Amino acid sequence: MSILELELFREQLLKQLSDINSSRYKINQLVKYFKTVFGLNNENVEESFLPEFLSEFANYLSGYSANGTNPNKIESVLDIIKQLLKKPIDEKIKSRLSKEFLRIDKEYNALINVLNGETTSFLTEQIIFPVIEDNKTQNGRSGLLDTLSIIIQKNINKSKDDFFIVPSSREIDKYLKKQIDNSWNFALGYILKYIKPHLAHQVVIRFEKSYGNYSGDSLGIALTIGFIQKLLEFYEVNLEVSLKPNVASTGGNDLDGIVTNISKEIIKVKTETIFYSNVQTFVIPFEDYEAAMNERKRLKEIYPKRKLKIIGVESLDDILDSRRIVDIKKIKLSKRIKRKTLKNKSLVIVSLLFMLFISFIFLRDYDTNPFSLTLEKDYVVVENQFHKELFRTQILIPSYGSPKFGSYVLDFMHLVDIDSDGENEVIFCIEKLPKTTNNKNTGRVLCLNSDREIIWQHKLLEEIDTGERRMEGQYRLFTGNMFEYKGKKTIAVFGQHTYWSSPIYLLDVETGKRISEILWHPGRIDGVNVLDFDDDGKLELTAMGVNNYAGTSVFFSLELRNLRGAAPAGGQYYFKGKKITDFESYILLPKSDITVYEKYRMNSPTWRPQYLVKSNRFRFDISEGHYSRNGYDVSLMYFLDKNLLDITVEINNVIRVYRDELVAKKILEPPYTDTKEYREILKNQIRSWDGEKFVDSIVRADREKTN
């Protein structure tokens, strides 16, 4: 390069440094410039062309991070700093460059260790997320890592929540604002399980590095977890939600907590950024899982020993239910006192004396009130508020159904003060019983006190005549949710027989006595939920299961007053003497062509029906088979409005990939899966009970009748 060309390069660089906001881009351009100067191997040129940019270069380096950067680019930066340190430059600048060299070199070596398969010694529970650098001048896209922190305070003299982003030089991007609203509302809904928010809040979101003014909705997961953490702290809830060390995330979420995808192009850049960092687990939208895994595969060809877990999630509940991603635990007493102490320094002496007093009388050992339930393998552990174990009981986790079943078993257990004496009792079921000829594996629902003494127990020994045989009472019993009904604390119960009959009924929580008739169902019930979803002042029972007669999965709803009789059936799946009850809705969800191809007898619900309050609709997932390549269930998502008439079908990534492979190989008939045509094929196969027969559409059969 000639001196004239170098001068032209210099002028272009001055303009770029003025126009571009990205510090990393400026560093990369300066590195190219310095390489060009050194390449001429002329001391006079170096003396003329270097000094002007040295101070700026040192300034930009102070914000430079090796974490999240391709090692080749880091090596170029370190090499230039080395060469500059050998030159006769200003001593103050040399000192600054030397300091930054040591820091970046240390980060670089730590990154190389991670890429070579070593476990990082740098562990952080900060909320980490990758961002795409907003730089139109740059060729291609590049990613960076940032972290965020959140402060929540009372919004004095205001009746609404206010949000502030720090630093911010302009109005919040409209997409980011919408995502903040979605994440905030979901977080508020989450903490309703523990406390009712009753204040207006002032929320400060601080981006620690803030590489620019962030936009878009891909910060949703990070924001939601941060909001939940800080709301629990703000309301002093004795519970802590925290990310596992070195977990990063990307992806937005809607009001119902459904995680929204990004794009193949963006997820590739973000995966590369995460790969070249100390992050151990990357949480992403499930729709982007395939693209991220392909990018990881490409990068592992360069660094085959790099250990990086990529977890695809469909909803925020998937994240909060996964102990690979978050820890949810009761806060230790010492930590609670420390929090209060930080809020009010005058409490220091009192707090210390209180801790000494607690230690002296061993209050922890004297508290016998059941406070929390945890799952350890196949044991439910009952603890007091100080995390001391009161007792544990082994449970039987069924082998059928969704792989997630084990993580949901605590939904069958309940802590409730049945006699209002200030001490909780434990409602317990699905215990592991010895297989003897006497009990025939008959299940029961128990109410236990803190000493594991039985307050009451309930078994269902009812026999039912199917016409072909008389089924004895051999039911494993499960509990649904608790609610107030006719002035009593009530719980829904459903059973699963050795064969196919499934009863549903209600128990009085205080006495354990059955307080309703039984609804008999011709096939397994997977979950029930009682609520007034249509706001008509009447409680409805909703359930999911399979109908052996119809040979497919079902969703149904009925008013509690109609909890009796039987569900529609025929042939050998018939309950003698039982009339079909009055259902509001009884919907048959068709087997897909994958279920037929896999030769499964029926498709199957993955869990009980979920009612999404924000969007006023039900969501239920139906497993259609098993994708052996990655071990996931192949499932379809159905959404049903609260009027029980309008249903939509959603296609997740696993079923799309699996079925499209089968279509491409001409094993299954077109169309491809994630298309309007395929959704219509499924919808056209949905059938429902109109009160007299099954029809090829969705109807409500809740005709008003006199009881």
Side-chain angles (χ1 to χ4, degrees), residues 1-109 111-112 130-146 167 208-213 269 272-273 276-277:
M1 178 178 283
S2 66
I3 298 297
L4 185 61
E5 289 172 323
L6 181 60
E7 177 60 24
L8 182 61
F9 191 177
R10 172 185 166 275
E11 291 176 1
Q12 291 175 339
L13 180 60
L14 285 170
K15 186 175 187 308
Q16 288 174 334
L17 296 180
S18 173
D19 293 344
I20 303 301
N21 292 324
S22 167
S23 295
R24 189 165 63 170
Y25 180 72
K26 292 176 181 179
I27 289 172
N28 291 338
Q29 293 304 103
L30 284 166
V31 166
K32 291 178 183 178
Y33 176 80
F34 291 145
K35 280 184 177 179
T36 303
V37 173
F38 289 139
L40 295 176
N41 199 25
N42 185 316
E43 290 183 1
N44 292 328
V45 171
E46 292 172 5
E47 185 177 0
S48 300
F49 284 86
L50 287 180
E52 161 177 34
F53 297 104
L54 292 179
S55 180
E56 283 184 274
F57 185 58
N59 289 338
Y60 299 144
L61 285 176
S62 64
Y64 184 84
S65 174
N67 199 29
T69 306
N70 188 313
N72 294 334
K73 294 183 178 180
I74 305 170
E75 290 167 1
S76 296
V77 172
L78 290 173
D79 183 64
I80 286 297
I81 299 175
K82 277 184 185 179
Q83 293 186 59
L84 289 172
L85 291 174
K86 295 176 183 178
K87 303 297 179 181
I89 60 177
D90 180 88
E91 288 299 319
K92 288 185 178 179
I93 293 177
K94 181 176 286 190
S95 176
R96 291 169 61 195
L97 290 176
S98 178
K99 178 182 176 181
E100 295 303 331
F101 177 87
L102 293 174
R103 177 185 64 80
I104 296 170
D105 186 62
K106 182 178 179 181
E107 291 179 2
Y108 168 77
N109 288 318
L111 174 59
I112 293 299
V131 294
I132 300 297
E133 200 159 30
D134 184 15
N135 181 14
K136 296 178 181 178
T137 304
Q138 231 176 315
N139 293 324
R141 298 174 182 267
S142 61
L144 306 119
L145 288 185
D146 203 351
E208 301 301 328
K209 298 186 183 298
S210 191
Y211 295 110
N213 290 300
V269 176
E272 181 180 23
T273 303
Y276 293 130
S277 74

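Keep in mind the model is a prediction, meaning the values are calculated, not measured.
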Residue pairs fulfilling salt bridge (Lys or Arg N to Asp or Glu O under 4.0 Å) with at least one residue in residues 41-67, sequence neighbours excluded: Arg10-Glu52, Glu46-Lys87
Residue pairs passing the salt bridge (Lys or Arg N to Asp or Glu O under 4.0 Å) test where at least one lies in residues 88-100, sequence neighbours excluded: Glu100-Arg103
Rounding to 0.5 Å, atoms OG (Ser48) and CD (Glu7) come to a distance of 10.0 Å
Determine the minimum heavy-atom distance between Ser277 and Leu145, stating which atoms define it. CB-CD1, 3.5 Å
side-chain contact (heavy atoms from CB on, under 4.5 Å) partners of Lys106, counting only residues at least two apart: none
Any heavy-atom pair between the side chains of Ile81 and Leu61 that's under 4.5 Å? yes
Residues at least two apart in sequence or cross-chain that pass side-chain contact (heavy atoms from CB on, under 4.5 Å) with Lys35, listed by chain then number, are Val31, Ser76, Ile80
Ring pair (Phe, Tyr, Trp, His ring centres under 6.0 Å) contacts touching residues 53-80 (sequence neighbours left out): Tyr33-Phe53, Phe34-Phe57
Would you call Phe38 and Leu84 a side-chain contact if the rule is heavy atoms closer than 4.5 Å? yes
For Gln83, give me all partners under side chain to side chain donor-acceptor pair (under 3.5 Å), at least two apart in sequence or on another chain. Asp79
For Leu54 and Leu50, work out which heavy atoms get closest and say how close. CG-O, 3.4 Å
For the atom pair CG (Leu40) and CG (Asn42), what is the distance rounded to the nearest 0.5 Å? 7.0 Å
Under 4.5 Å between any side-chain heavy atoms of Pro130 and Leu144, yes or no? no
Any side-chain heavy atom of Phe101 within less than 4.5 Å of one from Leu97? no
Applying side-chain contact (heavy atoms from CB on, under 4.5 Å) to Asn109 and not counting sequence neighbours gives Asp105
Euclidean distance, Thr69 OG1 relative to Ile104 CD1, rounded to 0.5 Å: 9.5 Å
Grab the two heavy atoms, one from Pro71 and one from Ile112, that are nearest each other, plus how far apart they are. CB-CD1, 4.1 Å
Does Pro51 reach the side chain of Ile89, with side-chain heavy atoms less than 4.5 Å apart? no
Is any side-chain heavy atom of Ser98 closer than 4.5 Å to a side-chain heavy atom of Leu85? yes
Shortest non-hydrogen separation from Asn67 to Glu107 and the atoms involved: N-OE1, 4.2 Å
